Enquirer: 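Next up is a structure, given as structure tokens.
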Amino acid sequence: MLFNSIEYLLFLPIVFALYWITNKKSLKLQNLLLLASSYFFYACWDWRFLFLLMFSTALDYFTGIKMHEAKNTGGKKFWFWLSIIVNLGFLGIFKYYNFFADSFADVLSNFGFQANFWTLKVILPVGISFYTFHGLSYVIDIYKGRIEPERNVVDYSLFVSYFPLLVAGPIERATHLLPQLKKRRVFDYDKAVEGIFQIIWGLFKKIVVADNCAFFVNQLFDNSQNYSAGELWIGALLFAFQIYGDFSGYSDIALGTSKLFGIDLLRNFKFPYFAKDIADFWRRWHISLSTWFRDYLYVPLGGSHGSMLLKVRNTFIIFLVSGFWHGANWTFIVWGAIHAFLFLPLLLANKNRNSLADEGYKYKDIPKILFTFILVSLAWVFFRADNLHEAVQYIAGMFNPKDISFHFFFKNAKYLLLTIISFVSVLFLISIEWSNLKRGNSEVLLSKKIVFVLLLMLFFMGAYKNQLSFIYFQF
């Protein structure tokens, strides 16, 4: 069930109405309704994988309690590693087994050996990377003594599988979400209106910005050798806005939906394309994932302490793992490595924390913002390409000075119209974010007039012909 589907448009009001009706009876019934709704939402993708979600939930619920009750360190470690190994084992089998099997076969073939490994003929369970990380953070926090295990199985199951965040985040923490699930929620009209406005903003970013950009991006990336350097540059920039509109649009819909139920989710984006350097970009992009890796991988490795060699090592580990988290393809690993190399000069010069605070934006910051955006856009080419060969071919085409024409975008009336829609929607997105950033807002706040304009753009400019799934569903 897609957020941008008719099914969700029917599903959400029904759950919303039942939710606030049950609020008058008991919190337990209210949470049970949300849990049942979340399982139904997930089952609409593929009901068979619902059992995998339930098993992962039961495993972490059980091992969390057992760790807490363990009488010695050995017992505590046993239950901890059981959860870690099983969770990562499932993730490895479903997401990475075929990648490792094919890569190992390729290595053997280079030495003259032919190997035919058995591979899985199964689709990736949607959201497995996200709900696995929910469970891992919970188990690690119990093991480290930061929290105590949740004894209410309904509340814990809802924490893992809460439908607004289930399939593409944000990646929640038990310390943030569980306390909200355990206290009675009171309907807040202003918060509900704010949630509806945020849903509309997210739909605009997905249906108007991302899906219209996708029309050109898909053609340019599928046959990059047929297009000019100018067209490929525009394609790379359009993909930057496609993936941002697609993923941040999903997050906005998730956060807005959750506000309808009186529950706040972690913010996942903070105007990332106005970052002043790569370090600043990663404090603004997919915040729930970058902070997860920071807290559960980077800091345990030593973080920014120790020698410069250790800092560099930890930086490359965090970026490579982040890239590999996104998918079983060398393109994602290279994408992560590129960001590590871009981050390295800041680290060596001890300037990676220069943009921690939003001190206001001045005209002198514009070159830094544009330069960072271009670097990020070039790296996105590897993220979008199907394989390394196509990525290198695309980059090479971008720097071919022989042809910088833009005929592709104007070859007929349809292409001209979609070009205008894409550029107008991107400029509108930038202007709204810039105005909020200049006012010092930590997120986009929309007036009724702006929401009315967004609705008009959704109606007249939305790409509805081919309903596109969200990019991050594949991760």
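Quantities reported herein were computed from a predicted structural model and do not represent experimental measurements.
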Enquirer: Do Phe239 and Phe216 make the cut of ring centroids closer than 6.0 angstrom?
Expert: no
Enquirer: Quick one: side chain to side chain donor-acceptor pair (under 3.5 Å) partners of Ser422, sequence neighbours excluded?
Expert: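 Once residues adjacent in sequence are excluded, Ser422 has no partner under the side chain to side chain donor-acceptor pair (under 3.5 Å) criterion.
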Enquirer: Using side-chain heavy atoms (C-beta onward) and a distance below 4.5 Å, is Ile171 in contact with Leu266?
Expert: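 Result no, sub-4.5 Å side-chain heavy-atom pair not found.
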Enquirer: Can you list everything that forms a side-chain contact (heavy atoms from CB on, under 4.5 Å) with Ile366? Sequence neighbours excluded, please.
Expert: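 Residues passing side-chain contact (heavy atoms from CB on, under 4.5 Å) with Ile366: Tyr363, Leu370.
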Enquirer: Decide side chain to side chain contact (heavy atoms under 4.5 Å, CB included) for Asn350 and Asn352; before the verdict, give the C-alpha distance in whole Å, the side-chain angles of both, and the deciding distance to 0.1 Å.
Expert: CA-CA 6 Å; Asn350 199 27; Asn352 54 302; 4.2 Å; yes
Enquirer: Please examine the side chains of Phe204 and Asp252, heavy atoms only from C-beta on, and report whether any two atoms are closer than 4.5 Å.
Expert: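 They are not in side-chain contact.
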Enquirer: Quick check: Tyr156 with Phe159 (ring centres under 6.0 Å apart)?
Expert: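 Close enough - the centres of the two rings lie under 6.0 Å apart.
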Enquirer: Does anything in residues 414-427 pair up under salt bridge (charged side-chain N to carboxylate O under 4.0 Å, His left out), and if so which pairs, sequence neighbours excluded?
Expert: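 Not a single pair qualifies under salt bridge (charged side-chain N to carboxylate O under 4.0 Å, His left out).
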Enquirer: Identify the two heavy atoms, one from Asp211 and one from Ala463, that lie closest to each other, and give their separation to 0.1 Å.
Expert: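 Minimum heavy-atom separation between Asp211 and Ala463: CB-CB, 3.7 Å.
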Enquirer: Would you say Phe163 and Thr257 make side-chain contact, with heavy atoms under 4.5 Å?
Expert: yes
Enquirer: Any donor-acceptor pair under 3.5 Å linking the side chain of Tyr244 with the backbone of Lys205?
Expert: no
Enquirer: How would you list, by chain and number, every residue that makes a side-chain contact (heavy atoms from CB on, under 4.5 Å) with Lys77, sequence neighbours excluded?
Expert: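 Per chain and number, Lys77 pairs via side-chain contact (heavy atoms from CB on, under 4.5 Å) with Thr73, Trp81, Tyr143.
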Enquirer: Nearest 0.5 Å, what's the CG-OG distance between Leu237 and Ser377?
Expert: 5.0 Å
Enquirer: Any sub-3.5 Å donor-acceptor pair from Asn400's side-chain atoms to Ala229's backbone N or O?
Expert: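 No, because the side chain of Asn400 does not come within donor-acceptor range (under 3.5 Å) of the backbone of Ala229.
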Enquirer: Once rounded to the nearest 0.5 Å, what's the spacing between atom SG of Cys213 and atom CG of Asp246?
Expert: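 Those atoms lie 10.5 Å apart.
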Enquirer: Does Asn441 use its side chain to pair, donor to acceptor, with the backbone of Val444 at less than 3.5 Å?
Expert: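 Side chain of Asn441 to backbone of Val444, a donor-acceptor pair under 3.5 Å: no, none is there.
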Enquirer: Is any side-chain heavy atom of Met457 closer than 4.5 Å to a side-chain heavy atom of Val453?
Expert: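 Counting from C-beta outward, Met457 and Val453 do come under 4.5 Å.
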Enquirer: Can you check whether Thr372's main-chain N or O pairs, donor with acceptor, with Lys276's side chain at less than 3.5 Å?
Expert: no
Enquirer: Among pairs that include at least one residue of residues 288-311, which meet salt bridge (charged side-chain N to carboxylate O under 4.0 Å, His left out), considering only residues two or more places apart or in two chains?
Expert: Arg173-Asp295
Enquirer: Looking at CD of Gln225 and CD of Glu390, how far apart are the two atoms once the value is rounded to the nearest 0.5 Å?
Expert: 8.5 Å
Enquirer: Supply the atom-to-atom distance Thr331 OG1 to His326 NE2, rounded to the nearest 0.5 angstrom.
Expert: 11.0 Å
Enquirer: Does the gap between the ring centers of Phe133 and Phe293 come in under 6.0 Å?
Expert: yes
Enquirer: Is a side-chain N or O of Tyr394 found less than 3.5 angstrom from the main chain of Leu232, in a donor-acceptor match?
Expert: yes
Enquirer: Evaluate the side-chain proximity of Asn212 to Phe215: yes if any heavy-atom separation is below 4.5 Å, no if none is.
Expert: no
Enquirer: Can you label the angle between the Phe274 ring and the Trp434 ring as parallel, tilted or perpendicular, going by 30° and 60°?
Expert: tilted
Enquirer: Check side-chain contact (heavy atoms from CB on, under 4.5 Å) between Arg48 and all other residues, then give those that pass, not counting sequence neighbours.
Expert: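 Partners of Arg48 under the side-chain contact (heavy atoms from CB on, under 4.5 Å) test: Asp46.
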Enquirer: Before we go on, tell me: are the rings of Trp380 and Phe383 under 6.0 Å apart, centre to centre?
Expert: yes
Enquirer: Counting the benzene-type ring for Trp, do His339 and Trp285 have ring centres under 6.0 Å apart?
Expert: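 Not close enough - the centres of the two rings lie 6.0 Å or further apart.
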Enquirer: Give a yes or no on whether Lys368 atom NZ has more than 12 heavy-atom contacts from other residues, nucleotides or ligands under 6.0 Å away.
Expert: yes
Enquirer: Do you know the tightest heavy-atom contact between Thr57 and Ser157?
Expert: CG2-OG, 3.5 Å
Enquirer: Before you tell me yes or no, could you show the steps for Phe316 and Phe341 under ring-ring contact (aromatic ring centres under 6.0 Å, His included), namely the whole-Å CA-CA distance, both residues' side-chain angles and the distance that decides it to 0.1 Å?
Expert: CA-CA 8 Å; Phe316 271 86; Phe341 279 110; 4.9 Å; yes
Enquirer: Is the side chain of Ser258 donor-acceptor paired with the backbone N or O of Leu255 at a distance under 3.5 Å, no angle test?
Expert: no
Enquirer: Quick one: does NZ or CZ of Lys206 land under 6.0 Å from the six-membered ring centre of Tyr250, within 45 degrees of the ring axis?
Expert: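 Verdict for Tyr250: no cation-pi partner in Lys206.
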Enquirer: Using the benzene-type ring in the case of Trp, are the ring centres of Phe241 and Phe373 under 6.0 Å apart?
Expert: yes
Enquirer: Can you say whether the rings of Phe343 and Phe319 are parallel (under 30°), tilted (30 to 60°) or perpendicular (over 60°)?
Expert: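 The arrangement is tilted - the two ring planes meet at 30° to 60°.
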Enquirer: Just by modelled atom types, is the Ser129 backbone N or O under 3.5 Å from a matching donor or acceptor in the Thr132 side chain?
Expert: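 No.
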Enquirer: For the aromatic rings, using the six-membered ring if either is Trp, is the centroid distance between Trp233 and Phe399 under 6.0 Å?
Expert: yes
Enquirer: Regarding Asp141 and Tyr296, is there a side-chain donor-to-acceptor distance under 3.5 Å anywhere?
Expert: yes
Enquirer: Do Tyr61 and Tyr138 make the cut of ring centroids closer than 6.0 angstrom?
Expert: no
Enquirer: Taking the side chain as C-beta and beyond, is there a heavy-atom pair between Tyr131 and Leu52 under 4.5 Å?
Expert: yes
